[in-house]
Student: 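For reference, the structure I am asking about is given below.
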Protein chains: 2
Amino acid sequence: MARVRIGDVAREAGVSLGTVSNALNHPEKVRPETRRIIDEAIERLGYLPNQSARMLAGGHSNVLGLVLPRLNHGSSLQIANGALTEARRHGYNLIMANANDDKALSARSARYLMGMQVDGILVQPVPSLEWEPAATHTVPVVYLDVRSGSPGSYVSADNMGQGALIARHLVTHGTEHIAVIGRTSSQHMKLRLAGIQDVLSAHPDIELEVLDAGEWNVSGDGYSLGVSLMQRAPGERPDAIIGLTDVLAAGAIGGALSTGARVPDDLLVAGCDGNPLAWSTPVALTTCSPAGYEIGRKGIQLLLERIAASDAQPRETQERREEVVRPFLLPRASTGAVPTEGLTTVENRARSIPEFNMGAYL
Amino acid sequence: MARVRIGDVAREAGVSLGTVSNALNHPEKVRPETRRIIDEAIERLGYLPNQSARMLAGGHSNVLGLVLPRLNHGSSLQIANGALTEARRHGYNLIMANANDDKALSARSARYLMGMQVDGILVQPVPSLEWEPAATHTVPVVYLDVRSGSPGSYVSADNMGQGALIARHLVTHGTEHIAVIGRTSSQHMKLRLAGIQDVLSAHPDIELEVLDAGEWNVSGDGYSLGVSLMQRAPGERPDAIIGLTDVLAAGAIGGALSTGARVPDDLLVAGCDGNPLAWSTPVALTTCSPAGYEIGRKGIQLLLERIAASDAQPRETQERREEVVRPFLLPRASTGAVPTEGLTTVENRARSIPEFNMGAYL
DNA sequence: CTTGTGAATTAAAACGCTTTAACCATATGC
DNA sequence: GCATATGGTTAAAGCGTTTTAATTCACAAG
């Protein structure tokens, strides 16, 4: 089946090849009448433009690349969704590459995308301590969800801010003893904890203890910790638990409930970074706005700005930009926020988060 | 910054352009000595091949496309990982497009990828009743995770088999009253249920009831159902719950425990399609092997076969192939399977599922 | 000293499109 | 009416590769 080329369309429509190309790329340059004839010819022949040829000839692709470290890393999913939505809004296609937690593969993917003539690249780096030597980029690159120190422009969540937000929220609820649970070896978590500590340093009367939750951050660990914390002697028992991760917090709620403790009456529980996976807790979980979606959105915006700017001036002279996504609190039942009556819990939760659809799980 | 072209490399290495191309694509055709010189020149100049030009000239790309309906649809994540891994194993790159549950976008993405000269496409269709009119494909296409009736070759899970497997497992444990919970409006779920009913039709003495879990399949719904089922009068109470989804089953465990029921002593609980997200239940959940990863793997294999075959004979004459991924049981504590002693629960679970790493959640 | 052979290299022809500049009507201004 | 715009259209020149056919070269055989 010989593939239909632009020349075939031109012949079918009785115009020249260039006119067809114009109809496709600069519709305003061709008379509506002619355009109609061409459209019909395209339809009749089932013409499919060869993107490779377009990119080669045009020097640009209208495609943006997104390199993720792994599909199931915390925010990657939400980043992907935010980026996709925003890219489409601007008429760009988005193609994704998954580095499978392999640093070399991540770099190779980015290089490959550049070779593919994408107009710009978003990279969520593989978690690691050192940055790879800043490769020479032939297209604008923006890094996502990184701690500061990236070699280029980046968009990042305000992890410290998240911690502080939650801590302040609990403080206003009169807590006297907070237990923080989470894998504190991770950078993100360290920052969240720092935010908490920062706020509590102004409240020396409030007791703060930190429990490491093991390597996996699965809710089973949260569950165990919830149980053991609630089984302590009354005086030793915390009256609030912060999960550095929503999944841990969700587990902790389950664990606490199983000991007969009541949430939020006996125990306040809050999470971080509003993971839609954790919505389905017995008691709706107070948390912070999930940053992923917004990081993806802002990443695309920043990238597009840089692409536009590159056309004007050489990329080298552009300043490095840093964007931080500000968190906001999502107070829910687990810290005694008043549930909206007349709504199911799911509906209730849905109202709190714009990108609710992120959470529907099969 | 003018981009380095293959001609620049040739000049730097003191050979002709064609030789550089050969060194890149048919290394065996160029003397090792020359190859070394060329490699050095490439290194020195930081040459990055223009993939668009390669695809255009070569007519193929060494890239496979994957179109997903949505990143967070049940098995999509695992499909993506399975496909990626298998594609890399065969030296292919994989680029993904996300259709965001939009049928038109899904079709457009597939067309776009074809225009991009990918060598083949894997499509997990947007859930919907009718198939889009079979578009003319310029490259081999394989559909994934579909109910039968697809217009082309496909790889699918054996949802009925999963249901049957779980049902048989419970039957051998002497259950007398099974409650099935899940959103039975979904095709996948219908099939799983059918498998269960099929097995139980041979056991008229076992009571079977089906409870619809609402639209969202979140574990909160499982929790509520778990509570209400266990709060029934002793005679009315089921002694086993099957969640058509692992997440529901996980919720049900929590709900049941909260009423004081013991799992698995008073109640057996099992899920379906081993969702790693549900690993973190208080009691390890019995379930079936997750099909997603395997579907992705087999999909790539089938696709590669078809690509190889297309080179030999025209695609039209090829037969339509159907592959089904067979499920196997993952018996764990929630149905009284003996836990492996000396291992943490996480380790224990890890051993049961090859693609364990799928489940590590930040 | 031819001639033949095979390996290594090169020159040149696609690949399918975008874009530039030239072209041609037809409408506009004086 | 003649020059001047103006909107549409076209011919032709790339874009950076791969690939095919031609060329060169070294060496062995006759």
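Chain letters run A, B, ... following the sequence lines, proteins first and then strands; every chain starts at 1.
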Student: So, is A:Ser52 near the phosphate of C:dC15, with a side-chain N or O under 4.0 Å from OP1 or OP2?
Tutor: no
Student: Considering only side-chain heavy atoms of A:Ser21, which listed nucleotide, D:dT18, C:dT19, C:dC15, is closest?
Tutor: C:dT19
Student: Would a distance-only check, ignoring hydrogens and angles, find a side-chain to backbone donor-acceptor pair under 3.5 Å from A:Ser153 to A:Glu322?
Tutor: no
Student: Out of C:dG16, C:dT9, D:dT17, which has the shortest distance to the side chain of B:Arg31?
Tutor: C:dT9
Student: Under 4.0 Å between a side-chain N/O of B:Ser16 and OP1 or OP2 of C:dT9, yes or no?
Tutor: no
Student: Please state whether the phosphate of C:dT9, meaning OP1 or OP2, lies under 4.0 angstrom from any side-chain nitrogen or oxygen of B:Thr34.
Tutor: yes
Student: When you compare the side chain of A:Leu56 with that of B:Asn50, does any pair of heavy atoms fall below 4.5 Å?
Tutor: yes
Student: Taking only the side-chain nitrogens and oxygens of A:His26, find out if one of them lies under 4.0 Å from OP1 or OP2 of C:dT18.
Tutor: no
Student: Specify the angle, to 10°, made by the local axes at the two ends of the helix from C:dC1-D:dG30 to C:dC30-D:dG1 when five pairs are taken at each end.
Tutor: 50°
Student: Assign a letter to each nucleotide of nucleotides 23-28 of chain C from its 5' end: B, base within under 4.0 Å of a protein heavy atom; S, sugar-phosphate only; -, no contact.
Tutor: ------
Student: Taking the side chain as every heavy atom from C-beta outward, state whether A:Ser61 and A:Arg54 have any atom pair closer than 4.5 Å.
Tutor: no
Student: Measuring to OP1 and OP2 of C:dC17, would you say a side-chain N or O of A:Asn50 lies under 4.0 angstrom away?
Tutor: no
Student: 5'-most contact on DNA chain C: A:Ala57 or B:Lys29, nearest heavy atom basis?
Tutor: B:Lys29
Student: For D:dT18, does OP1 or OP2 lie under 4.0 Å from any side-chain N or O of B:His60?
Tutor: no
Student: Can you work out whether B:Ile6 or A:Gly18 has the more 5'-proximal nearest nucleotide on DNA chain D?
Tutor: A:Gly18
Student: Side-chain N or O of B:Thr19 versus OP1/OP2 of C:dT9: is the shortest distance under 4.0 Å?
Tutor: no
